[in-house]
Amino acid sequence: MYIIIVGCGRLGSTLAKELSIGGHDISVIDHDGEKLSVLGSGFNGSRFKGVEYDNDRLLKAGIKQADYILAVTSDDNLNITVSLIAKKIYNVPRIIARVGDPSRKYIYDMLDIETICPTQLGVEILKRKISEKNIETQSFFIATFLASTMAVLWLSRTGVYADAVVMFRRVVYNVLSAHTTTGFGSVYAR
């Protein structure tokens, strides 16, 4: 596939390198020549220094035959402009733009531009990691409670411990010890 990446910051340069390694034809446009040099000598794609939405620059980058335009600068206005040019003038089949400010996503939505928002993705991943930890903690307490309850019920029927408080303390200690693998529990042999 022929892909034009507009913006050669961390996201754009990493994307360009990985897609190039994956066998895609890549052109990168950025107004900052130093950012383009980050791609290194091993980069097999084309680099174009200049204003990202400039018609001549887009034509040299091959917008007429592009399968994708990925507008991934940190500037929402620039990403929207490039996306609209690619969509309305050149009819590029697929356009994906980076949303820098999540509160501006509605503008992309109104213009029917497909987006990705690294900030929102990061937030979702972190929230999921926090909730996974909570689920892990909750399951630990539920499992401990159920195992302790079952052990107390079973031991109360067998008469191993005469005192209910001692039995409860020993059961909880043993269940926690077994569940966390932090020590060895001991139950009277009888």
Side-chain angles (χ1 to χ4, degrees), residues 1-140:
M1 276 190 269
Y2 190 72
I3 302 168
I4 297 176
I5 298 173
V6 178
C8 195
R10 284 185 299 248
L11 178 60
S13 62
T14 304
L15 194 56
K17 291 174 192 174
E18 290 191 18
L19 289 172
S20 177
I21 290 169
H24 299 286
D25 293 323
I26 306 296
S27 286
V28 182
I29 304 172
D30 200 293
H31 69 276
D32 186 347
E34 287 182 31
K35 287 183 179 178
L36 291 169
S37 67
V38 170
L39 293 171
S41 60
F43 177 65
N44 293 330
S46 303
R47 305 163 212 217
F48 298 92
K49 180 180 181 241
V51 177
E52 292 87 346
Y53 56 85
D54 179 65
N55 191 49
D56 291 336
R57 191 69 49 226
L58 291 168
L59 287 170
K60 284 182 183 176
I63 195 167
K64 286 185 176 181
Q65 64 264 16
D67 298 305
Y68 279 85
I69 292 282
L70 306 177
V72 295
T73 73
S74 58
D75 183 342
D76 283 322
N77 295 327
L78 185 56
N79 291 342
I80 290 169
T81 303
V82 168
S83 297
L84 288 176
I85 291 169
K87 182 178 184 172
K88 302 291 184 183
I89 297 173
Y90 294 104
N91 299 314
V92 175
R94 190 99 186 264
I95 302 153
I96 304 172
R98 170 188 180 184
V99 178
D101 180 359
S103 69
R104 298 187 76 195
K105 184 175 182 326
Y106 76 95
I107 298 170
Y108 292 88
D109 294 339
M110 285 179 5
L111 297 170
D112 198 30
I113 299 170
E114 187 176 352
T115 60
I116 181 168
C117 182
T119 302
Q120 194 60 44
L121 288 172
V123 167
E124 293 302 321
I125 290 169
L126 289 170
K127 282 175 28 182
R128 195 173 320 123
K129 287 189 177 289
I130 289 169
S131 69
E132 285 173 1
K133 190 67 174 173
N134 286 341
I135 289 170
E136 193 175 292
T137 303
Q138 290 171 359
S139 68
F140 168 76

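- Looking only at side-chain heavy atoms (C-beta outward), Asn77 and Arg104 come within less than 4.5 Å of each other.
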Exercise for the section: Begin from the C-alpha positions of Val99 and Asp76 and carry the test side chain to side chain contact (heavy atoms under 4.5 Å, CB included) through to its verdict. Expected result: CA-CA 6 Å; Val99 178; Asp76 283 322; 4.2 Å; yes
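- Expressed to the nearest 0.5 Å, how far CG of Asp30 lies from NZ of Lys49 amounts to 10.0 Å.
- Contacts classified as salt bridge (charged side-chain N to carboxylate O under 4.0 Å, His left out) and involving residues 110-125 (residues at least two apart or in different chains) are given here: Lys87-Asp112, Arg94-Glu114, Glu124-Lys127.
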I would like to know whether Lys129 and Ile125 meet side chain to side chain contact (heavy atoms under 4.5 Å, CB included); could you show each step before the answer? CA-CA 6 Å; Lys129 287 189 177 289; Ile125 290 169; 4.0 Å; yes
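- By the 4.5 Å heavy-atom criterion applied to side chains, Arg57 and Glu52 are not counted as neighbours.
- Residues forming a side chain to side chain contact (heavy atoms under 4.5 Å, CB included) with Ser74 (at least two apart in sequence, or on another chain): Arg98.
- Using modelled atom types, one finds no donor on one side chain facing an acceptor on the other under 3.5 Å when comparing Thr73 with Asp75.
- Applying side-chain contact (heavy atoms from CB on, under 4.5 Å) to Ile96 and the options Leu70, Ile113, Thr115 leaves one that passes, Leu70.
- Side chain of Asp67 to main chain of Ile3: no donor-acceptor pair is present (N/O by atom type, distance under 3.5 Å, no hydrogens or angles).
- Counting heavy-atom neighbours within 6.0 Å of Gln65 CD, excluding the residue itself, gives a total above 12.
- Here the shortest heavy-atom pairing between Val92 and Ala66 reads CG1-O, 3.8 Å.
- At a threshold of 4.5 Å between non-hydrogen side-chain atoms, the residues Tyr90 and Ile69 do not count as touching.
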Could you give the side-chain donor-acceptor pairs of residues 5-15 under 3.5 Å, partners two or more places apart or in another chain?
from, atom 1, to, atom 2, distance (Å)
Ser13, OG, Gly9, O, 2.7
Ser13, OG, Arg10, O, 3.4
Thr14, OG1, Arg10, O, 2.7

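- Under the side-chain contact (heavy atoms from CB on, under 4.5 Å) test applied with Phe48, the options Asp54, Ile29, Leu36 reduce to a single match, Ile29.
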